[in-house]
Amino acid sequence: MSLGQLHYTSAPPGPDGSGFRFTALTPGLPQSVLREAEQLIGYEPPRNAPARPSADELDAFPRAFSYSELSDGSRLLARTVYTGADYSGRWGNFHAHAVHLAPGQQLPDGALPVSAWESPGWATATPEGGAPPPLSVLPPSSGLDRDGLIAFAASRAPWLAAVFTDLQRQAEDETAPQIVLVERDSADVARWVVLASTVLPRRAVHRLTFTTYTRRPHLAGQRIIGVLPDDAHGLAGSGRRQRVHDCAVPPAPDGPEPTPWAVAAARIWSAGALELFQYADRLPGEPFTAGPLSALALCAGIDLPSPHRTAAARWACEHPSELSQEELEGLIQTLAEPGHTPAETRRTPAEPGRTPADPRHTPTEPWPTPTAPQPDVAPVPASPPPAETAALAELFARVGAGLRPEIAAPLAARLFTAAVRSAKPVRPPDRGALTDEVARRLAAELGPELRAGIADAAGGTGRPLRLLRMAGSLGVDCADLVPSLAHRLASALLADPSMYGGELDGTLADRPDLRSALLRELDAAAGAAPASVTVLLERAPLELESREALPYLRMCGWIARSPSGGGDGTGARDRTGELRAVLGAAGVSVVAHPPLLRIAFRLVWGAATPTPEEARYVLAEQGADLHRTADTWPFLVTAALNGRPGDPHTDELAHELLTAFPTLLPPRDRAALLLLEFARDLRAGGAEPGWVDRILGLRRAAEPVNPPVLEHVFGRLARQLVHDPGPGRELDDLIRGNDADLCAAYEQAAREDSVRDRLLRDPRFLAARFVDWNAHPQAGGAWGKVRGPLLDGVLRPAVRALGAQELAAVETALTERGGRYAEDFRAWNRPGALSRLGLRFGSRDSRTPGRRRGGDS
């Protein structure tokens, strides 16, 4: 390898002129390089430097040691020193010695540029001959020793993380601000460059340009710029272009937050474990992530803040094979400790198969492991933040099984402690990760907190469940707290069945006492709100196996988990069969526990009402005494009062209820059932005369009557009055009663197809209806509203459809009834309005002695 040399100083006149000029050059250096180099290697003495310094004062002048990038991609490594007077005796001379590195070229053996600080290879005067040969080697400096650098890093601890943060930003973004280091000695700036070169990844180190001294930092193009305090005053407000770190004054407390990588690098430099930077550079992971560097630091016993412990744990979890067993155990031990690790127990890991140091990152030979304590390490909190706890739990789950008990137990204990004290869920290790001694200590320390957390009803049930499992693992007695927790848990499950999951299922498996208590709570809830418990059992796979009876819960379970269970209210199922099955699922006798029948009713029918047929069946099967004791007879009454009009089971059920529960029925319900029973008697032909008065009287007693009851009873009575009014004066009673609903039911019954068909085929029936519907022609009210529609809308269409022979038969039937019925019929049937008007607004009843106002068939 050959490095072209350049020498520049003030020289006497010669072929190349006089004054400041290149006095010695390796042949072949391009003119463009010389022009750029001339701008980079100048020197201005410090502001307060003596004008005519002595030899000792001259030696104290700062050295301008720089590494710069040229426009063609090549690099210039230069050392410029003040030499005092020139050949003519004028003061202000300097000598610059530089070497040129072609694009892509590095120093021999890959040495870092900063390693040439005060190298014996630098000249302070122009060599004889004028054309120095290319350099093949530039020996490293002997002034940057390990102990001195560690002491320097300790003295600059307040600034380390901030400077390393700016280095990271420069490596990640070429437009990041330059770093200006304010130091009284240019050698300290060189030490800063060593620190920077050590922490940066290898590919970033050789791109790091710097100068240890300049009077004009605003004109310098390097990434790191060293200035004296007197030259730093004009840099205020240059934050966008330059980041100034004045090591002569304390750093500002409100400065930017250092990056995690920078903090880890600062802690490692303070500990003097420089080999870790080389090791970390070979580990997997993105550059400048805190994980690898933090993991190695913690392996070596270097304490770090919680974010770094989190990053280290996550990285180790992702790359467990990158660490040796000894290193992994060192990491686990450090993570398990909440405070400082004593300095004498710290270890510096050596990568398997590799030497602990590598000259490619450091300017000197490999250094031994330090034993000095770290001055700036803060204790780790006893209760780590949630993110750290989660990372530790994940790491322990990954590698804990392969650790020795004495190594695993402390971290497992810390995870147990965090799980107890953390508000967020933390999965503790298995009990087997704890030694018996550690478990006893944890039980003593955490027992009161475990009991308090389990008893706490303000924060839901998730945390108490986790604490109960841990209490069981540690042997802390909490049996007295289980019933209260089970009660809260049952309430929470009924409010939100989706909360049933792995955490609860696992706790119930671990704690049979909690499972039994929960089932008892749900059984009690099923006795009060079976629908809610059924929904819970539909959505949650809660196992119901138990030695206890739990009849209500088992009935809910049958409905929830049987193919036909659940109830849809359509009546399409065999619900009486389901009722038997539900009562059978209870596992106890319904006779011994009558309330089971009421819950079974609610489970099978839900908000729906049994049909009268179903109600008759269960009344007959269970018996009136059981329904009376179970208080389920109101379900049966409701079934009767809501039965489908026209269903014969409706009035039959009413009769059976009146017989079974004569003293329990409220007066209104009893009157409504009597209405239905009377409809039954009408249907059977056993009703005594006075139907209308009887029904209207019962209606008044049952008000307000369910519409289905009225429709059923009035429909039955109306059909009876239309088809066979009986021997009494029922139609007159209907007219006199003036009940609009009953009159409307009568009209509706008269318009049925069966009536129309009978009118067409039965002359006597038609004649009887003519007589009935002409009764009381001047009556108003409800009858007045239906009489006309009956004559014109029902009777007249039927009469017009008859032939002459059928009409004659009708007139014959009317003649047989006596009076003027036949004559009135002919007049009513004659075309023209006057005859009909006479019938509607006149009354022949007073002129016809002995004529009946009602007729019969």
Side-chain angles (χ1 to χ4, degrees), residues 39-40 42-49 61-69 78 80 113-114 117 149 152-200 204-205 207-263 265-267 269-270 288 376:
Q39 306 300 317
L40 296 170
Y43 188 93
E44 290 185 73
R47 296 177 187 274
N48 58 355
F61 273 59
R63 272 77 164 167
F65 179 57
S66 64
Y67 181 61
S68 308
E69 183 177 8
T80 304
V114 71
W117 164 262
L149 288 170
F152 175 77
S155 69
R156 297 301 188 268
W159 297 272
L160 283 178
V163 174
F164 291 165
T165 296
D166 289 336
L167 282 172
Q168 175 182 342
R169 290 169 180 161
Q170 285 185 355
E172 294 173 338
D173 182 6
E174 294 183 355
T175 64
Q178 298 167 296
I179 299 173
V180 178
L181 298 171
V182 182
E183 292 281 6
R184 292 185 174 87
D185 189 345
S186 58
D188 288 339
V189 179
R191 294 184 179 93
W192 269 114
V193 176
V194 175
L195 268 59
S197 301
T198 305
V199 301
L200 286 174
V205 173
R207 298 197 304 268
L208 180 65
T209 60
F210 57 83
T211 180
T212 59
Y213 167 72
T214 179
R215 277 281 305 277
R216 304 183 185 277
H218 57 284
L219 297 179
Q222 292 86 357
R223 306 306 296 169
I224 297 179
I225 303 167
V227 298
L228 298 178
D230 290 342
D231 298 321
H233 301 299
L235 298 177
S238 60
R240 292 186 178 180
R241 184 172 176 269
Q242 294 175 326
R243 287 270 297 133
V244 180
H245 299 273
D246 190 345
C247 299
V249 296
D254 57 348
E257 186 73 19
T259 64
W261 172 87
V263 172
R267 293 290 179 91
W269 250 116
S270 296
F288 303 108
D376 62 336

Student: Please identify each residue that fulfils side-chain hydrogen bond (donor to acceptor under 3.5 Å, both in side chains) with Gln170, with sequence neighbours left out.
Tutor: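 Partners of Gln170 under the side-chain hydrogen bond (donor to acceptor under 3.5 Å, both in side chains) test: none.
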
Student: Working note: Tyr43 + Phe61, criterion side-chain contact (heavy atoms from CB on, under 4.5 Å); need CA distance, chi angles, decisive distance, verdict.
Tutor: CA-CA 11 Å; Tyr43 188 93; Phe61 273 59; 3.9 Å; yes

Student: With sequence neighbours excluded, tell me which residues meet side-chain contact (heavy atoms from CB on, under 4.5 Å) with Pro251.
Tutor: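 With sequence neighbours excluded, Pro251 shows a side-chain contact (heavy atoms from CB on, under 4.5 Å) to Pro158, Trp159, given in chain and number order.
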
Student: How close do Ser186 and Pro62 get, counting heavy atoms only, and between which atoms?
Tutor: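 Taking every non-hydrogen atom into account, OG-CA, 3.6 Å.
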
Student: Apply side-chain contact (heavy atoms from CB on, under 4.5 Å) to the pair Phe164 and Leu195, showing each step before the final yes or no.
Tutor: CA-CA 9 Å; Phe164 291 165; Leu195 268 59; 4.2 Å; yes

Student: Measure the CZ-CZ distance between Arg215 and Arg47 for me, rounded to the nearest 0.5 Å.
Tutor: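 It is 4.5 Å, given to the nearest 0.5 Å.
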
Student: Under the side-chain hydrogen bond (donor to acceptor under 3.5 Å, both in side chains) rule, collect the residues that match up with Trp117, sequence neighbours excluded.
Tutor: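 Checked Trp117 against side-chain hydrogen bond (donor to acceptor under 3.5 Å, both in side chains); zero matches.
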
Student: State, with a plain yes or no, whether a side-chain heavy atom of Phe210 is found less than 4.5 Å away from one of Ile179.
Tutor: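 No, their side chains stay 4.5 Å or more apart.
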
Student: Thr214 and Asp231: which non-hydrogen atoms are nearest, and at how many Å?
Tutor: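 Where Thr214 meets Asp231 most closely, the heavy atoms are O-OD2, 4.0 Å.
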
Student: Checking side chain to side chain contact (heavy atoms under 4.5 Å, CB included) against Thr165, which of Pro256, Pro260, Pro258 comes through?
Tutor: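 Running side chain to side chain contact (heavy atoms under 4.5 Å, CB included) over Pro256, Pro260, Pro258 with Thr165 returns exactly one hit, Pro258.
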
Student: Below 3.5 Å, can you tabulate the donor-acceptor pairs from side chains in residues 217-229 to any protein atom, sequence neighbours excluded?
Tutor:
{"residue": "Gln222", "atom": "NE2", "partner": "Ser68", "partner atom": "OG", "Å": "2.7"}
{"residue": "Arg223", "atom": "NH2", "partner": "Ala176", "partner atom": "O", "Å": "2.8"}

Student: About how many Å separate CH2 of Trp269 and CG of Leu160, when rounded to the nearest 0.5 Å?
Tutor: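 Reported to 0.5 Å precision, the distance equals 9.0 Å.
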
Student: Is there a side-chain contact between Phe65 and Val189 in this structure, where contact means two heavy atoms from C-beta onward sitting under 4.5 Å apart?
Tutor: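 They are not in contact (no side-chain heavy atoms under 4.5 Å apart), so the answer is no.
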
Student: Ignoring hydrogens and angles, tell me if any N or O in the side chain of Thr80 forms a donor-acceptor pair with the backbone of Gly42 under 3.5 Å.
Tutor: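 No, the answer is negative, given that no donor and acceptor are paired below the 3.5 Å cut-off.
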
Student: Check this for me: does any side-chain nitrogen of one of Asp166 and Arg243 sit under 4.0 Å from a carboxylate oxygen of the other?
Tutor: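 Judged by the 4.0 Å cut-off on N to carboxylate O distance, Asp166 and Arg243 do form a salt bridge.
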
Student: Which residue pairs satisfy the salt bridge (charged side-chain N to carboxylate O under 4.0 Å, His left out) criterion with at least one member in residues 184-194, sequence neighbours excluded?
Tutor: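 Passing the test, one end in residues 184-194: Arg156-Asp188, Asp188-Arg191.
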
Student: Between Thr212 (side chain only) and Arg63 (backbone N and O only), is there a donor and an acceptor less than 3.5 Å apart?
Tutor: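 Checking the backbone N and O of Arg63 against the side chain of Thr212, a donor-acceptor pair under 3.5 Å is found.
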
Student: Tell me every residue that passes side-chain contact (heavy atoms from CB on, under 4.5 Å) with Ala171, counting only those two or more places apart in sequence or in another chain.
Tutor: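 Result, side-chain contact (heavy atoms from CB on, under 4.5 Å) vs Ala171: Ala204, Phe288.
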
Student: Write down the atom of Leu208, the atom of Tyr67, and the distance for their closest heavy-atom approach.
Tutor: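 Residues Leu208 and Tyr67, closest heavy atoms: O-CD2, 3.2 Å.
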
